[in-house]
Amino acid sequence: MYDIKQIREDFPILSRSVYGKPLVYLDNGATTQKPRSVVDAIAEEYYSVNANVHRGVHFLSQQATDLHEASRERVRAFINARSTSEIIFTRGTTESINLVASSFVESQMQAGDEVIISQMEHHSNIVSWQLQAMKKGIILKVIPINDAGELLLDEFEKLITPRTKIVSVMHVSNVLGTINPIKQIIRIAHSHNVPVLIDGAQSVPHQKIDVQELDADFFVFSAHKMYGPTGIGVLYGKEAWLDKLPPYQGGGEMIQNVSFEKTTFNVLPFKFEAGTPDYIGTTAFAKAIDYVEALGLENIAAYEHELLTYATQEMKSIKGMRIIGEAEQKSGVISFLVGDIHHFDMGTLLDRLGIAVRTGHHCAEPLMRRMGIEGTVRASFGLYNTKEEINVLIEGIKRVQTMF
Ligand code: PLP
């Protein structure tokens, strides 16, 4: 049962006020709030288990290692990966993409080879490739979008050439809310023997992901956007690919034997996990997975879709409202502009009413240029938002409008 009252009680921060107004938190695309079970897990592990993992013979170290590795198994099951060897813990989506970009370009690409991304990518899926491209003379190609904010699949296929070595696209746009047809993208890319990385930062919290069913070669996401702690993310990669890629960073954990003449590397997934991992974070991450799975991702998706439909309809009734991103398949994100009110002014004044939204380019400057704007106001929904909160947002926007 989707008991919204109970759900909201699980998130203590939601009952606080700002500027004397009840908090209306609509910045879930940036980060989500944490349920008590996640925060408690952090304190409990520090209080009663804390010890460095993997290397210790003592009791606490083994217990911490068991918790850490159980979390890896929890993540594996959550996205239905074949093996825990395919689950690399990173600091987040950004680090996961940088890891693949660095190791893939180094080992699989030559000058003149091509990477395909899309017009709507987050900077992390643009700049990570650019940094490598600059070093090696790699060409970046961009899938265009239509005015509604949907990828042009026909154009995508035309971009693929024998020099295309990888496609890297987002599943759900953090700005437009567009749910991209990644299954089709993967199928098209694979028909040309090109692997695909999916940036799942904005999809994993809102829909069930099965990496085997998708047949994604790499799939990346962050714990903090799905009610887990900051500083933890995942790189899922097919074992066959991860085996081919060289390590990203050097240090402890990722080696088998070290001498000054020659070093051999550890097996997967440890080959890509240099240094002490955030083992407290992974335990708390597993609790976040428990939380969303107990509610059911299908239920979360249905509930958030209802919020999106309601909010879209209400917002469209506001004079001068322009919604940026009207894809047919959309997640719970609404980017908007009202009349000629600057997005920053709108966001700042809504904040005074207790409403937390995000303003600006949302780390997607090329997308802003394509849409012919500098920035937007963005309301992004999470599993604990309500229609009443949307009403507060609508009233807030109208109130700001009267000030101009
Ligand atoms: N990709 C997308 C689509 C995002 O929305 C974000 C964050 O907003 C990122 C990547 C970067 O995620 P992180 O900052 O957790 O590494």
Side-chain angles (χ1 to χ4, degrees), residues 1-16 22-42 74-75 77-79 92-93 170-179 200-210 221-230 232-234 281 284-315 329-335 354-358 378-394:
M1 273 305 295
Y2 208 88
D3 181 350
I4 191 67
K5 188 165 172 290
Q6 177 57 52
I7 290 170
R8 290 182 66 83
E9 282 172 10
D10 292 336
F11 293 80
I13 203 171
L14 296 180
S15 57
R16 71 161 287 178
L23 170 69
V24 174
Y25 186 78
L26 298 174
D27 194 17
N28 296 285
T31 200
T32 52
Q33 301 303 343
K34 320 303 171 197
R36 203 174 258 115
S37 58
V38 167
V39 180
D40 287 352
I42 295 170
R74 195 74 191 82
V75 173
F78 180 59
I79 59 169
T93 306
M170 65 194 344
H171 190 176
V172 171
S173 164
N174 58 313
V175 179
L176 309 165
T178 309
I179 303 173
Q202 298 291 344
S203 64
V204 170
H206 309 289
Q207 64 181 87
K208 180 78 193 128
I209 298 296
D210 181 330
F221 57 103
S222 302
H224 73 97
K225 291 184 196 287
M226 51 167 294
Y227 313 98
T230 51
I232 279 287
V234 173
F285 185 14
K287 294 286 179 196
I289 294 174
D290 289 345
Y291 191 88
V292 294
E293 286 207 326
L295 282 180
L297 274 152
E298 288 79 9
N299 298 330
I300 294 170
Y303 179 77
E304 290 179 350
H305 189 73
E306 216 179 289
L307 289 181
L308 174 70
T309 307
Y310 178 70
T312 305
Q313 167 203 313
E314 293 300 305
M315 286 175 87
Q329 298 297 322
K330 230 189 124 164
S331 185
V333 176
I334 302 184
S335 267
I355 306 163
V357 290
R358 189 144 289 247
R378 182 187 72 183
S380 51
F381 309 123
L383 58 82
Y384 38 58
N385 288 124
T386 63
K387 284 189 182 168
E388 290 72 35
E389 289 182 308
I390 290 167
N391 292 340
V392 174
L393 171 69
I394 301 295

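Since the model is a prediction, treat every value here as computed from it, not as a measurement. Scope of the values below: all heavy atoms of this structure, side chains included, with no hydrogens, waters or symmetry mates.
No donor-acceptor distance shorter than 3.5 angstrom exists from the side chain of Thr32 to the backbone of Asn28, with no hydrogens or angles considered. In this structure, Ser222 contributes its side chain and Thr93 its backbone to a donor-acceptor pair below 3.5 Å. Asn299 contributes a side-chain N or O that, together with a main-chain N or O of Leu295, makes up a donor-acceptor pair within less than 3.5 Å. A donor-acceptor contact shorter than 3.5 Å links the side chain of Ser173 to the backbone of Val175. Formation of a donor-acceptor pair under 3.5 Å by the Asp27 side chain with backbone atoms of Ala379 is not found in this model.
For Tyr310, the ring-ring contact (aromatic ring centres under 6.0 Å, His included) criterion is met by no residue, not counting sequence neighbours.
Phe78 places a side-chain heavy atom less than 4.5 Å from the side chain of Val292. Put simply, the side chain of Leu383 does not reach to within 4.5 Å of the side chain of Tyr303, judged on heavy atoms. You'll find the side chain of Gln207 stays beyond 4.5 Å of the side chain of Leu297, heavy atoms only. Val204 has its side chain out of reach of Lys225: every pair of non-hydrogen atoms, C-beta onward, lies at least 4.5 Å apart. The closest side-chain heavy-atom distance from Met226 to Phe285 is below 4.5 Å. Counting only heavy atoms from C-beta outward, the side chains of Thr178 and Met170 never approach each other to under 4.5 Å. Contact annotation: the side chain of Val172 never approaches that of His206 to less than 4.5 Å [non-hydrogen atoms, C-beta and beyond]. At a threshold of 4.5 Å between non-hydrogen side-chain atoms, the residues Lys34 and Ile13 do not count as touching.
Taken to the nearest 0.5 Å, the CD1 atom of Ile209 stands 4.0 Å off from the OG atom of Ser203. Remark: Asp40 CG to Lys287 NZ distance equals 9.5 Å, nearest 0.5 Å. Rounded to the nearest 0.5 angstrom, Ser335 OG and Asn174 CG are separated by 8.0 Å. For the atom pair Leu176 CG and Arg378 CZ, the distance stands at 10.5 Å (nearest 0.5 Å). Once rounded to the nearest 0.5 Å, the distance linking CD1 of Ile79 with CD1 of Ile289 reads 8.5 Å. Here the straight-line distance linking atom OG1 of Thr386 with atom CD1 of Ile7 works out to 11.5 Å at 0.5 Å rounding.
At a cut-off of 3.5 Å, with distance as the only test, a side-chain donor of Tyr291 or Asp10 sits close to an acceptor on the other residue. Thr31 and His224 form a side-chain donor-acceptor contact under 3.5 Å, judged by distance and modelled atom types alone.
Heavy atoms only, all atoms of each residue included: Pro229 and Ile42 are closest at CB-CD1, 4.3 Å. Heavy-atom minimum distance, Ala356 versus Leu23: CB-CD1, 4.5 Å. Of all non-hydrogen atoms in Ala284 and Ala41, the two that sit nearest each other are CA-CB, 4.2 Å.
Taking a 6.0 Å sphere around CZ of Arg74, one finds it holds more than 12 heavy atoms contributed by other residues, nucleotides or ligands.
Between Arg8 and Glu389 there is a salt bridge, since a side-chain N of the basic residue sits under 4.0 Å from a carboxylate O of the acidic one. Under the 4.0 Å criterion applied to side-chain N and carboxylate O atoms, Glu9 and Arg36 are not assigned as salt-bridge partners. By the 4.0 Å N-to-carboxylate-O rule, Glu314 lies too far from Lys387 to be salt-bridged with it.
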Tell me, with the steps shown, if Ile334 and Thr312 meet side chain to side chain contact (heavy atoms under 4.5 Å, CB included). CA-CA 8 Å; Ile334 302 184; Thr312 305; 3.6 Å; yes
Could you walk me through whether Val39 and Phe11 pass side chain to side chain contact (heavy atoms under 4.5 Å, CB included), step by step? CA-CA 10 Å; Val39 180; Phe11 293 80; over 6 Å; no
Side chain to side chain contact (heavy atoms under 4.5 Å, CB included) between His171 and Gln202, intermediate numbers included: CA-CA 7 Å; His171 190 176; Gln202 298 291 344; over 6 Å; no
Test salt bridge (Lys or Arg N to Asp or Glu O under 4.0 Å) on Lys330 and Glu304 and set out the steps. CA-CA 11 Å; Lys330 230 189 124 164; Glu304 290 179 350; over 6 Å; no
Before giving the answer on side chain to side chain contact (heavy atoms under 4.5 Å, CB included), spell out for Ile355 and Leu26 the whole-Å C-alpha distance, their side-chain angles and the decisive distance to 0.1 Å. CA-CA 7 Å; Ile355 306 163; Leu26 298 174; 4.2 Å; yes
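Taking the six-membered ring for Trp and the full ring otherwise, Tyr227 and Tyr384 have centroids separated by under 6.0 Å.
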